[in-house]
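Only one structure is covered here, and it is reproduced in the block below.
The structure presented is a predicted model; accordingly, all values stated were derived computationally and were not measured.
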Amino acid sequence: MILKNIWLFPIAYCDAAEPWQLGFQDAATPMMQGIIDLHHDIFFFLIIILIFVLWMLVRALWHFHYKRNPIPERIVHGTTIEIIWTIFPSIILMFIAIPSFALLYSMDEVVDPTITTKAIGHQWYWTYEYSDYNSSDEQSLTFDSYMIPEDDLELGQLRLLEVDNRVVIPARTHLRMIITSADVLHSWAVPSLGVKCDAVPGRLNQTSIFIKREGVYYGQCSEICGTNHAFMPIVVEAVSLDDYVSWVSNKLD
C-alpha cells in the first residue's frame with residue numbers, strides 16, 4: 001500500500017486485497033482503469049433493468065390480484081409489446097458492446113516493449129527471466145520466487161502474499177510479459193495491473209503492461225494447479241528507472 005499526498009490530502013492506494021473487500025483494487029495501469037470504467041458503465045444499465053423489472057413485477061402483482069380481477073382476461077398476442085422488448089434490449093446491448101470491444105482490442109494490442117520479462121509457473125512457485133540481459137546462451141538474470149512462510153514474516157508483510165524475490169520493473173515503461181508453465185496450468189494474475197494470463201505448458205502467452213505509478217502490487221495464481229495452489233503468490237514492485245537500472249546492475253554482478 002503506497003501513501004501519497006495530493007493537494008495535502010493523503011490517498012492510500014489499495015494494491016493488495018483487504019478483508020471483506022467488495023470493490024476493485026486501485027488501478028495502476030490504463031488497462032485496469034478501462035476495466036473498472038466498463039464495469040461501472042454496465043452496472044448503470046443493470047440498475048435500470050433491475051428497477052424496470054421490479055416495477056413490472058409489482059405492477060402485475062397489484063393489478064392482477066384475484067380480488068381486483070376475479071375474471072382474468074386472456075391475452076395471447078401483443079405485437080407492440082413484442083417489438084418493444086426486442087428492440088430495447090438490442091439497443092442496450094449495443095451500448096454495452098461498443099466500449100467492451102474497444103477495451104478488448106486494446107488489451108490484445110502489443111506495444112513495442114522496452115523490457116521483456118518471462119514468468120514460468122511451477123508447482124508451486126514462479127520463475128522469472130529477464131532475457132534482455134543475456135550475454136550468452138546461459139540465462140544471466142533468472143531467479144525463483146517463493147512465498148515467505150508465515151513463521152518468517154516480518155512486520156508489515158502480508159500473509160500468503162509476500163515472496164522472497166519480487167518482480168522488479170520500471171514504472172511508466174512499456175513492458176512485455178511472456179507467461180508459460182513447466183508442469184500444469186497456472187495463471188499469472190495481478191488485480192491492480194488488470195492482468196490475468198494463463199500459463200500453459202508448451203505455449204507462450206504474452207501481455208503488455210504499462211504501470212503508471214511506483215508501488216508494490218500483489219497477486220496470486222488464479223488457476224487451480226494442485227494442493228499448494230494458494231501458496232504461490234506474485235509480487236510486482238514498480239520502481240523508478242534509475243532504481244531499476246541499479247537493481248539490474250546488482251543482479252548481474
Side-chain angles (χ1 to χ4, degrees), residues 1-2 13-17 25-32 110-111 113-134 139-148 153-154 156-182 186-200 204-223 225 228-253:
M1 187 170 293
I2 306 301
Y13 292 112
C14 177
D15 300 325
Q25 297 182 21
D26 294 316
T29 62
M31 207 62 61
M32 186 59 192
V110 179
V111 181
T114 305
I115 299 170
T116 298
T117 305
K118 185 178 181 181
I120 305 173
H122 301 271
Q123 288 182 315
W124 287 270
Y125 63 95
W126 294 96
T127 296
Y128 296 99
E129 298 178 3
Y130 291 73
S131 56
D132 293 337
Y133 311 107
N134 288 358
Q139 298 168 352
S140 57
L141 184 47
T142 304
F143 57 87
D144 297 330
S145 180
Y146 290 87
M147 185 193 75
I148 297 179
L153 289 175
E154 299 178 358
Q157 292 183 334
L158 301 178
R159 174 179 173 270
L160 300 181
L161 289 177
E162 196 60 64
V163 297
D164 54 357
N165 290 310
R166 296 175 173 178
V167 185
V168 179
I169 55 177
R172 294 174 291 277
T173 302
H174 288 286
L175 171 71
R176 175 171 57 191
M177 198 75 189
I178 298 176
I179 300 167
T180 187
S181 173
H186 299 278
S187 183
W188 201 83
V190 183
S192 291
L193 306 184
V195 176
K196 184 182 182 298
C197 188
D198 290 340
V200 183
L204 296 178
N205 291 331
Q206 71 174 8
T207 184
S208 298
I209 302 175
F210 182 85
I211 302 179
K212 298 185 293 184
R213 54 183 171 84
E214 300 176 18
V216 180
Y217 308 97
Y218 294 87
Q220 290 176 303
C221 175
S222 297
E223 187 75 33
C225 55
N228 289 335
H229 156 69
F231 306 108
M232 51 183 302
I234 303 162
V235 181
V236 177
E237 183 175 357
V239 298
S240 64
L241 185 58
D242 293 337
D243 292 339
Y244 174 76
V245 172
S246 300
W247 179 81
V248 171
S249 300
N250 294 331
K251 285 288 187 179
L252 294 177
D253 290 341

Tyr217 versus Ala238, closest heavy-atom pair with distance: CE1-CB, 3.8 Å

Heavy-atom closest contact (Thr29 atom, Ile209 atom, distance):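 What the structure gives for the nearest pair is CG2-CG2, 4.2 Å.
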
Tell me, do [X] and [Y] make a side-chain contact under 4.5 Å, heavy atoms counted?
X: Tyr128; Y: Ile234; answer: yes
X: Ile169; Y: Ile115; answer: no
X: Val236; Y: Trp188; answer: yes
X: Val195; Y: Met177; answer: no
X: Lys196; Y: Asp198; answer: yes
X: Asp15; Y: Val216; answer: no

Checking [X] now: which residues fulfil side chain to side chain contact (heavy atoms under 4.5 Å, CB included) with it, not counting sequence neighbours?
X: Gln206; value: Val110, Arg176, Ile178
X: Asp144; value: Tyr125, Thr127, Tyr146
X: Ala230; value: none
X: Cys225; value: Trp124, Val184, His186, Cys221, His229, Met232

Output every pair passing salt bridge (Lys or Arg N to Asp or Glu O under 4.0 Å) with a member in residues 238-252, not counting sequence neighbours, ordered by first then second residue. none

For Phe210, what residues pass the ring-ring contact (aromatic ring centres under 6.0 Å, His included) criterion, not counting sequence neighbours?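 With sequence neighbours excluded, Phe210 shows a ring-ring contact (aromatic ring centres under 6.0 Å, His included) to His174, given in chain and number order.
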
Can Arg166 and Tyr218 be said to form a side-chain contact (heavy atoms from CB on, under 4.5 Å), step by step? CA-CA 10 Å; Arg166 296 175 173 178; Tyr218 294 87; 3.7 Å; yes

Identify, with sequence neighbours excluded, every residue that meets salt bridge (Lys or Arg N to Asp or Glu O under 4.0 Å) alongside Glu223. none

Taking side chain to side chain donor-acceptor pair (under 3.5 Å) as the definition, give me every residue that meets it alongside [X], ordered by chain and number, with sequence neighbours left out.
X: Tyr244; answer: Tyr133
X: Asn228; answer: none
X: Ser131; answer: none
X: Asp164; answer: none

Any Lys/Arg nitrogen of Asp26 or Arg213 sitting under 4.0 Å from an Asp/Glu carboxylate oxygen of the other?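 Salt bridge between Asp26 and Arg213, a charged N being under 4.0 Å from a carboxylate O: no.
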
What's the separation between atom CD in Glu162 and atom CD in Glu154, rounded to the nearest 0.5 Å?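 Output value for this atom pair is 9.0 Å.
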
